[in-house]
Enquirer: 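Could you have a look at this structure, given as structure tokens, before my questions?
Both ligands and their constituent atoms are indexed starting at 1 by order of listing. A quick note: this is a predicted structure, and the numbers were derived from the prediction, not measured. One-based numbering along the sequence shown.
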Amino acid sequence: MRRPFIAANWKMNKNIGEAKAFVREFLRHYEKSGVETAICAPFLQLQALQEALSGSGVKLGAQNLYHEDKGAFTGEISGPMLKELGVDYCIIGHSERRTLLGEDDELINRKLKAAFRNGILPILCVGESLAEREEGREYVVVSGQLRKDLYEIPAEQAVQITVAYEPLWAIGTGRTATPDQAQDMCAYIRSALAELYDWKTASEMCIQYGGSVKPGNIGEIMDMPDIDGALVGGAGLDPLSLIEIINF
Ligand code: PGA
């Protein structure tokens with residue numbers, strides 16, 4: 001049985017004071033349920049969030065990690081450092097990092113391995129650009145990302161990965177993929193995972209949709225058979241809106 005999983009991706013938003021204020025308001029309305037919930041915050045806010053969320057059942061997520069565990073890597077943050085702060089999840093391969101920071105699939109593959117080495121659960125983002133969709137290449141692009149990102153990652157680990165399908169044209173644009181478009185690609189992702197591994201593994205893996213998810217559209221998205229959750233950007237910055245999304 002796959003468990004619904006909603007993760008907020010705060011991106012580069014909120015200082016420590018704002019993060020604490022968010023959690024105070026959020027926890028006033030949050031009730032533990034069968035929905036796994038995580039807040040993926042900037043590195044500097046993680047410690048404050050870890051303390052504020054302690055005992056609530058809400059999981060702590062980071063948005064990136066370096067692929068080596070220690071050494072001369074100025075400005076980077078490693079898996080062991082995140083683990084020490086109590087980080088449960090880490091977003092890996094978000095399209096903003098792929099496009100703005102040049103992260104490629106080989107690096108993303110190393111980051112996935114670094115996460116597992118340190119007991120951190122990856123949320124792996126994949127998705128096509130508008131141009132790629134218009135050229136009819138969305139399936140080739142996404143299956144290529146999966147194949148390279150998951151290279152040499154065994155099924156026992158893969159089954160613990162959350163794959164977030166985030167079409168670039170739907171991120172922060174207000175233009176959501178229709179539930180049918182999102183379902184279509186998430187079903188395709190599951191079949192691609194079955195090819196890389198096997199059907200049992202693929203059927204147990206959590207697949208999220210991400211891209212302009214909000215309280216008004218989460219219900220129809222979660223109704224889709226291959227969509228197990230959502231990675232929420234803008235709408236996850238407001239505590240009450242995130243509560244509404246979790247209570248889809
Ligand atoms: P959005 O961002 O919900 O603001 O579109 C989603 C994401 O980039 O994870």
Enquirer: Suppose I only count heavy atoms of Gly211 and a 4.0 Å limit; which atoms of ligand 1 are within that range?
Expert: 5 (O)
Enquirer: Does this structure show an ion pair linking Arg147 with Asp105, if we count only N-O contacts that are shorter than 4.0 Å?
Expert: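 Between Asp105 and Arg147 there is no salt bridge, as every charged N stays at least 4.0 Å from the carboxylate O atoms.
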Enquirer: Please report the C-alpha distance between Gln183 and Tyr165 in whole Å, then the side-chain angles of each, then the deciding distance to 0.1 Å, and finally whether the side chain to side chain donor-acceptor pair (under 3.5 Å) criterion is met.
Expert: CA-CA 10 Å; Gln183 160 60 24; Tyr165 168 55; over 6 Å; no
Enquirer: Need the ligand 1 atom indices (1-based, order shown) with element for anything under 4.0 Å from a heavy-atom of Leu231.
Expert: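 Checking each atom against Leu231, I get 9 (O).
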Enquirer: Which protein non-hydrogen atom lies closest to atom 4 (O) of ligand 1, naming both residue and atom, and how far is it?
Expert: Gly234 N, 2.8 Å
Enquirer: Using a strict 4.0 Å threshold on nitrogen-to-oxygen distance, state whether Glu244 and Lys214 make a salt bridge.
Expert: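 A salt bridge is absent here (no side-chain N lies under 4.0 Å from a carboxylate O).
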Enquirer: For atom 3 (O) of ligand 1, which protein heavy atom lies nearest, and how many Å away is it?
Expert: Gly233 N, 2.9 Å
Enquirer: What part of Ile171, side chain from CB on, backbone N/CA/C/O, both or neither, has a heavy atom under 4.0 Å from ligand 1?
Expert: both
Enquirer: Between Lys113 and Asp149, does at least one N-O distance fall below 4.0 Å, as a salt bridge requires?
Expert: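 Result for this pair is no, no salt bridge flagged.
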Enquirer: With a 4.0 Å cut-off on heavy atoms, is Ala170 in contact with ligand 1?
Expert: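 Under 4.0 Å: yes for Ala170.
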Enquirer: Identify the protein heavy atom lying closest to atom 9 (O) of ligand 1, giving its residue, its atom name and the separation to 0.1 Å.
Expert: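 Of every protein heavy atom, Glu166 OE2, 2.7 Å lies nearest to atom 9 (O) of ligand 1.
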Enquirer: Is it the case that more than 12 heavy atoms not belonging to Gln47 sit under 6.0 Å from its CD atom?
Expert: no
Enquirer: Specify the protein heavy atom at minimum distance from atom 2 (O) of ligand 1: its residue, its atom name, and the distance to 0.1 Å.
Expert: Lys11 NZ, 3.3 Å
Enquirer: For the residue pair Phe73 and His67, categorise the inter-ring angle as parallel (less than 30°), tilted (30 to 60°) or perpendicular (more than 60°).
Expert: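 Answer is tilted, since the angle falls between 30° and 60°.
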Enquirer: Going by heavy atoms, is Ser212 under 4.0 Å from ligand 1?
Expert: yes
Enquirer: Below 4.0 Å from any atom of ligand 1, is there a heavy atom belonging to Gly172?
Expert: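 Gly172 counts as a contact of ligand 1 under the 4.0 Å cut-off.
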Enquirer: For His94 and ligand 1, answer yes if some heavy atom of the residue is under 4.0 Å from a ligand atom, otherwise no.
Expert: yes
Enquirer: Give the numbers and elements of all ligand 1 atoms closer than 4.0 Å to a heavy atom of Asn9.
Expert: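 Ligand 1 atoms under the 4.0 Å threshold to Asn9: 9 (O).
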Enquirer: Is any NZ, NE, NH1 or NH2 atom of the basic residue among Glu204 and Arg2 found under 4.0 Å from an Asp or Glu carboxylate oxygen of the other?
Expert: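 No.
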Enquirer: Only one of Asn64, Leu65, Asn109, Leu107 passes side chain to side chain contact (heavy atoms under 4.5 Å, CB included) with Ile92; say which it is.
Expert: Leu65
